[in-house]
Asker: 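Pasting in a structure now, in structure tokens, and then I'll have a few things to ask.
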2 protein chains.
Amino acid sequence: MDVRTACLGALSRGDATGYEIKKLFEEGPFGHFFSAGYGSIYPALARLCEEGLATVATIEEPGRPVRKSYSITPAGRAAFEKMLLEQPADDRLKSEWIFVAYFADSMPPDLLERRLRERVDWYRERLEAMEGCNQETLRDGERFVLDLGVAVYRAAARYIEEQGPSLVAASRRRTGTPEAAE
Amino acid sequence: MDVRTACLGALSRGDATGYEIKKLFEEGPFGHFFSAGYGSIYPALARLCEEGLATVATIEEPGRPVRKSYSITPAGRAAFEKMLLEQPADDRLKSEWIFVAYFADSMPPDLLERRLRERVDWYRERLEAMEGCNQETLRDGERFVLDLGVAVYRAAARYIEEQGPSLVAASRRRTGTPEAAE
DNA sequence: GGTCCGATATATCGAGTCGATATACGGAGT
DNA sequence: ACTCCGTATATCGACTCGATATATCGGACC
């Protein structure tokens with residue numbers, strides 16, 4: 001799915017500037033399954049306007065920088081809803097962390113242990129933030145996706161906490177490294 | 001992580017052609033957390049050779065197409081192991097399926113139901129394939145990553161199976177669509 | 001009062017990546 | 001004979017990524 005369609009989806013829930021869409025993609029609920037940089041978002045918004053799927057309004061307010069607020073048009077809404085009917089493409093995950101873990105045998109045990117801990121901490125932080133969301137204001141689909149994320153993160157964190165120590169222990173046995181004092 | 005490093009990782013486990021590396025990325029154990037097309041792999045392998053991190057051997061056997069087998073060099077192995085020490089970048093997931101599910105409220109209930117079923121089926125298939133792997137031949141890190149994938153997929157499939165029906169039911173109530181006979 | 005920092009906001013550039021496509025050969029099926 | 005599939009290399013245009021440049025405003029700090 002290209003950034004253009006994703007922007008259309010964001011605009012379907014309300015007007016926004018390119019900056020706000022970026023934040024939505026990296027911090028908001030979209031953050032867990034989509035991301036894009038300015039280098040993709042600004043050209044995408046420009047093209048949406050060219051194609052008549054969105055419109056721009058330049059807003060000059062004293063006390064803040066000039067903004068360009070984008071709005072979806074009826075044609076844009078129709079295009080977006082049509083897109084929802086199509087077969088979604090396969091997920092694409094790129095995880096350096098898992099890649100590194102795959103080669104855990106080639107890593108120093110202490111570093112491995114640290115990476116595992118960092119990962120669990122990261123999951124716990126995200127989980128806390130996600131569970132803090134006010135579930136009352138969410139639509140059905142939004143809540144469904146949020147809770148799916150919670151279920152997945154919880155499972156991953158639990159697995160790493162349960163199985164990580166034995167991976168580290170095996171690594172120490174192999175290299176003969178004593179446990180580091182921390 | 002760029003494709004170059006990923007190729008180095010693949011080569012660290014044995015010689016391979018570009019074609020074989022592609023298959024590794026899309027079917028093999030790497031498939032769940034990394035992917036790359038020929039347009040990235042072939043240039044990456046060429047550059048690895050330029051930089052002295054890999055070497056090529058052209059193999060001409062009768063009865064099969066000419067192949068180029070790539071091997072990692074000691075310098076390549078050193079570069080790869082150095083890379084394993086660095087802080088891994090954040091995961092990057094792009095999921096059209098989750099994106100569409102987020103907008104479930106704008107979808108026809110029957111289609112939503114089909115998408116949910118397709119997704120669960122997809123997870124079940126992957127799980128069967130993953131659990132069929134001979135766990136005896138895997139290294140610690142490889143098994144760890146495989147089982148992490150199993151834990152995550154299982155959690156996702158279970159969540160969708162448990163929570164999906166009520167999402168569909170709410171959608172039907174909202175649109176007044178009767179249940180489709182299948 | 002000045003000054004630095006972070007947040008808001010738009011925009012662009014090169015390097016890298018994706019997906020489709022072209023080419024070519026062998027084997028299997030019909 | 002013909003077509004299709006798997007193996008294998010390679011390229012192209014469109015798109016995406018990550019870093020960077022620019023600018024303004026509000027608040028913190030001394």
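Just so it is clear: chains get the letters A, B, ... in the order the sequence lines come, proteins before strands, and each one is counted from 1.
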Asker: Could you list by number each residue of residues 8-22 of chain A showing a heavy-atom separation from DNA chain C of less than 4.0 Å, or answer none if no residue does?
Answerer: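 Those residues whose heavy atoms fall under 4.0 Å from DNA chain C, taken from residues 8-22 of chain A in numerical order, are A:T17, A:G18, A:Y19.
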
Asker: Among residues at least two apart in sequence or on other chains, which ones pass side chain to side chain donor-acceptor pair (under 3.5 Å) with A:D2?
Answerer: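 Once residues adjacent in sequence are excluded, the partners of A:D2 under the side chain to side chain donor-acceptor pair (under 3.5 Å) criterion are A:R4, A:T5.
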
Asker: Here's a test for you: under salt bridge (charged side-chain N to carboxylate O under 4.0 Å, His left out), which of A:R119, A:R92, A:K94 qualifies with B:D91?
Answerer: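 When A:R119, A:R92, A:K94 are each tested with B:D91, the salt bridge (charged side-chain N to carboxylate O under 4.0 Å, His left out) holds only for A:R119.
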
Asker: Give a yes or no on whether the backbone of B:K68 and the side-chain of B:T58 come within a donor-acceptor separation of less than 3.5 Å.
Answerer: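 Such a contact is absent between B:T58 side chain and B:K68 backbone.
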
Asker: Name the orientation class of the two ring planes belonging to B:F99 and A:F80 (parallel below 30°, tilted from 30 to 60°, perpendicular beyond 60°).
Answerer: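 It falls in the perpendicular class, over 60°.
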
Asker: My understanding is that only residues two or more places apart in sequence, or in another chain, count here; which of them pass side chain to side chain donor-acceptor pair (under 3.5 Å) with A:T175?
Answerer: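 Expected list: A:T177.
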
Asker: At how many degrees, to 10°, do the end axes of the helix from C:dG1-D:dC30 to C:dT30-D:dA1 meet when each uses five pairs?
Answerer: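 Computed from the C1' atoms at both ends, the axes differ by 30°.
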
Asker: Kindly write out the residues that satisfy ring pair (Phe, Tyr, Trp, His ring centres under 6.0 Å) with A:F25, not counting sequence neighbours, or none if the list is empty.
Answerer: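 Here the qualifying residues are A:F30, A:F34.
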
Asker: When you measure from the side chain of B:T73 to the backbone N and O of B:G52, does any donor-acceptor pair fall under 3.5 Å?
Answerer: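 Pair found, side chain donor or acceptor close to backbone of B:G52.
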
Asker: Which residues in residues 25-34 of chain A have a heavy atom closer than 4.0 Å to any atom of DNA chain D?
Answerer: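 Close to the strand, none.
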
Asker: Heavy atoms under 4.0 Å, any strand shown: does A:R4 hit a base, just sugar-phosphate, or nothing?
Answerer: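 Here A:R4 touches no strand at all.
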
Asker: Tell me which residues in residues 36-44 of chain B put a heavy atom below 4.0 Å from DNA chain D, sorted by number, or none.
Answerer: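 The answer is B:Y38, B:G39, B:Y42.
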
Asker: What side chain to side chain donor-acceptor pair (under 3.5 Å) pairs are there with at least one residue in residues 158-168 of chain A, not counting sequence neighbours?
Answerer: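 Checked against side chain to side chain donor-acceptor pair (under 3.5 Å) - neighbours excluded - the pairs reaching residues 158-168 of chain A are A:R124-A:E161.
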
Asker: For the pair A:E118 and A:R115, find out whether any cationic side-chain nitrogen is under 4.0 Å from an anionic carboxylate oxygen.
Answerer: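 Answer for the salt bridge query: yes.
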
Asker: Mapping B:K23 and B:Y70 to their closest nucleotides on DNA chain D, which lands nearer the 5' end?
Answerer: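 The residue closer to the strand's 5' end, by nearest nucleotide, is B:K23.
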
Asker: Could you state whether B:L53 and B:Y42 fall into the same hydrophobic cluster, counting links through intermediate Ile, Leu, Val, Met, Phe, Trp or Tyr residues with side-chain heavy atoms under 4.5 angstrom apart?
Answerer: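 Not linked; separate clusters.
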
Asker: Side-chain heavy atoms nearer than 4.5 Å, only ILVMFWY residues, links allowed to pass through others: does that put B:V145 and B:L138 together?
Answerer: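 Yes: a chain of side-chain contacts under 4.5 Å links B:V145 to B:L138.
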
Asker: Could you tell me whether B:E113 and B:R172 make a salt bridge, using a distance below 4.0 angstrom between a side-chain N and a carboxylate O?
Answerer: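 A salt bridge links B:E113 with B:R172.
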
Asker: Would you mind checking if A:R13 and A:E142 are paired as a salt bridge, meaning a charged N to carboxylate O distance below 4.0 Å?
Answerer: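 The answer is yes: the pair qualifies as a salt bridge.
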
Asker: Between which nucleotides of DNA chain C, read 5' to 3', does contact with chain B run, using atoms under 4.0 Å from its heavy atoms?
Answerer: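 Terminal contacting nucleotides, 5' to 3': C:dG16 to C:dG26.
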
Asker: What parts of residues 78-95 of chain A reach DNA chain C, counting only heavy atoms under 4.0 Å away?
Answerer: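 Nucleic-acid contacts, sorted: A:R92, A:K94.
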
Asker: Applying side chain to side chain contact (heavy atoms under 4.5 Å, CB included), run through A:F33 and B:Y102 and close with a yes or a no.
Answerer: CA-CA 10 Å; A:F33 55 89; B:Y102 186 87; 4.1 Å; yes

Asker: Roughly, in whole Å, what's the span from CD in A:E96 to P in D:dC17?
Answerer: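 Spelled out: CD on A:E96 to P on D:dC17 is 15 Å.
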
Asker: Does anything in residues 144-155 of chain B pair up under side chain to side chain donor-acceptor pair (under 3.5 Å), and if so which pairs, sequence neighbours excluded?
Answerer: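 Every pair satisfying side chain to side chain donor-acceptor pair (under 3.5 Å) with a residue in residues 144-155 of chain B: B:H32-B:Y153, B:E131-B:R154.
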
Asker: Between A:R77 and A:E81, does at least one N-O distance fall below 4.0 Å, as a salt bridge requires?
Answerer: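 Not counted as a salt bridge, because no side-chain N and carboxylate O are separated by less than 4.0 Å.
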
Asker: What is the distance, rounded to the nearest whole Å, between atom CE of A:M1 and atom P of D:dC15?
Answerer: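 It works out to 15 Å between those atoms.
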
Asker: Could you list the residues that satisfy side-chain contact (heavy atoms from CB on, under 4.5 Å) with B:P108, not counting sequence neighbours?
Answerer: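 With neighbours one apart ignored, the set is A:L85, B:L111.
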
Asker: Hey, is B:E26 close enough to B:K22 for a salt bridge, meaning N to O under 4.0 Å?
Answerer: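 Salt bridge: yes.
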
